[in-house]
Amino acid sequence: MGEAAGPIRVVVAKPGLDGHDRGAKVIARALRDAGMEVIYTGLHQTPEQIVGTAIQEDADAIGLSILSGAHNTLFAAVIDLLKERDAADILVFGGGIIPEADIPALKEKGVAEIFTPGATTQAIVDWVRGNVRQSAGA
């Protein structure tokens, strides 16, 4: 594996109508404190806005935070748009209130990892470090 150029770049996004962003901000800060470059999109982002930001910012990964129950629709839309825009090399992971029963289908669709309530920030940082550049082929 070659040497990666610069720090890992992660877009942290809150898709849809969910207005609760404390968890996303905690994760964004933890990733930043771990030396990653983090672009936080703010609340109420569309899948198109999230994918556009990730491409524009040359992100290695997108972290989605969803508490609204719309995870199946919103994760799928982001994955599909990445494929359409020839950016499927951007790894998608996420977390929030996501039922265990929905996780296998999300992973089958292309979501690399799901973190449910109780996951530590260190576990998320470690996962990103261990998986993002490997999957991107860096």
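The structure presented is a predicted model; accordingly, all values stated were derived computationally and were not measured. Residue numbers start at 1 and run along the sequence shown.
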**Q** So which heavy atom on A24 is nearest to which on S65, and how close?
**A** CB-CB, 3.9 Å
**Q** Could you pull out the closest heavy-atom pair between K83 and A88, with the gap in Å?
**A** CG-CB, 4.1 Å
**Q** Would you say that more than 12 heavy atoms from the other residues, nucleotides or ligands in this model lie under 6.0 Å from the NE2 of H44, or not?
**A** yes
**Q** Within a strict 4.5 Å, meaning less than it, do heavy atoms of the R9 and E57 side chains meet?
**A**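 Side-chain contact under 4.5 Å: yes.
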**Q** Find out if a path of hydrophobic residues (ILVMFWY) with successive side-chain heavy-atom gaps under 4.5 Å connects V92 to I27.
**A** no
**Q** Rounded to the nearest 0.5 Å, what separates atom CG in L64 from atom CD in Q45?
**A**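 Taking CG in L64 and CD in Q45, the distance rounds to 11.0 Å.
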**Q** Classify the angle between the aromatic ring planes of W127 and F93 as parallel (below 30°), tilted (30 to 60°) or perpendicular (above 60°).
**A** tilted
**Q** If two hydrophobic side chains count as joined below 4.5 Å and joins carry through other members, does F75 share a cluster with V51?
**A**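 Yes, it is one cluster - the side chains of F75 and V51 are joined through contacts under 4.5 Å.
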**Q** Measuring from atom CG of L82 to atom CD1 of I62, what distance do you get when rounded to the nearest 0.5 angstrom?
**A** 4.5 Å
**Q** When rounded to the nearest 0.5 angstrom, what is the spacing between CZ in R22 and CG in L67?
**A** 11.5 Å
**Q** CD/E113 to CD1/I124 distance, rounded to the nearest 0.5 angstrom?
**A** 9.5 Å
**Q** Taking the side chain from D18 and the backbone from I66, do they hold a donor-acceptor pair closer than 3.5 Å?
**A**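 Flag not set: sc D18 to bb I66 has no pair under 3.5 Å.
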**Q** Quick one: does I98's side chain get under 4.5 Å of L106's, heavy atoms only?
**A** yes
**Q** When you measure from the side chain of Q49 to the backbone N and O of P47, does any donor-acceptor pair fall under 3.5 Å?
**A** no
**Q** Got a sec: does the CD of Q122 have more than 12 other heavy atoms crowding it under 6.0 Å?
**A**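 Above 12, so yes.
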**Q** Check whether any side-chain heavy atom of R32 sits under 4.5 Å from a side-chain heavy atom of E37, and report yes or no.
**A**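 No, their side chains stay 4.5 Å or more apart.
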**Q** How many angstroms lie between NZ in K107 and CG in D102, if you round to the nearest 0.5 Å?
**A**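 K107 atom NZ to D102 atom CG measures 13.0 Å (nearest 0.5 Å).
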**Q** For residues I90 and I55, determine if any side-chain heavy atom of one lies less than 4.5 Å from a side-chain heavy atom of the other.
**A** yes
**Q** Hey, any chance V132 and M36 share a hydrophobic cluster, counting ILVMFWY side chains that come within less than 4.5 Å of each other, even indirectly?
**A** yes
**Q** Using every non-hydrogen atom in the two residues, find where T41 and A13 come nearest and quote the distance to one decimal.
**A** OG1-CA, 3.3 Å
**Q** Report the distance from atom CD1 of I103 to atom OG1 of T116, rounding to the nearest 0.5 Å.
**A** 5.5 Å
**Q** Is it the case that the side chain of K14 and the backbone of G19 share a donor-acceptor pair, with hydrogens and angles ignored and the cut-off at 3.5 Å?
**A** no
**Q** Can you name the side-chain hydrogen bond (donor to acceptor under 3.5 Å, both in side chains) partners of D21, sequence neighbours left out?
**A**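 Testing D21 for side-chain hydrogen bond (donor to acceptor under 3.5 Å, both in side chains), a comparison that skips the adjacent residues, returns K25, Y40.
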**Q** V12, F115: one ILVMFWY side-chain cluster at the under-4.5 Å cut-off?
**A** yes
**Q** Testing the basics here: between D60 and I8, what is the closest heavy-atom pair and its distance to 0.1 Å?
**A**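 Where D60 meets I8 most closely, the heavy atoms are OD2-CA, 3.4 Å.
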**Q** May I ask you to decide if A34's main-chain N or O and R129's side chain share a donor-acceptor pair within less than 3.5 Å?
**A**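 Such a contact is found between R129 side chain and A34 backbone.
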**Q** If I compare all heavy atoms of I97 with all of P117, which pair ends up nearest, and what's the gap?
**A**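 The answer is CD1-CG, 3.6 Å.
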**Q** If we only count heavy atoms from C-beta on, is the I50 to L74 side-chain gap below 4.5 Å?
**A** no
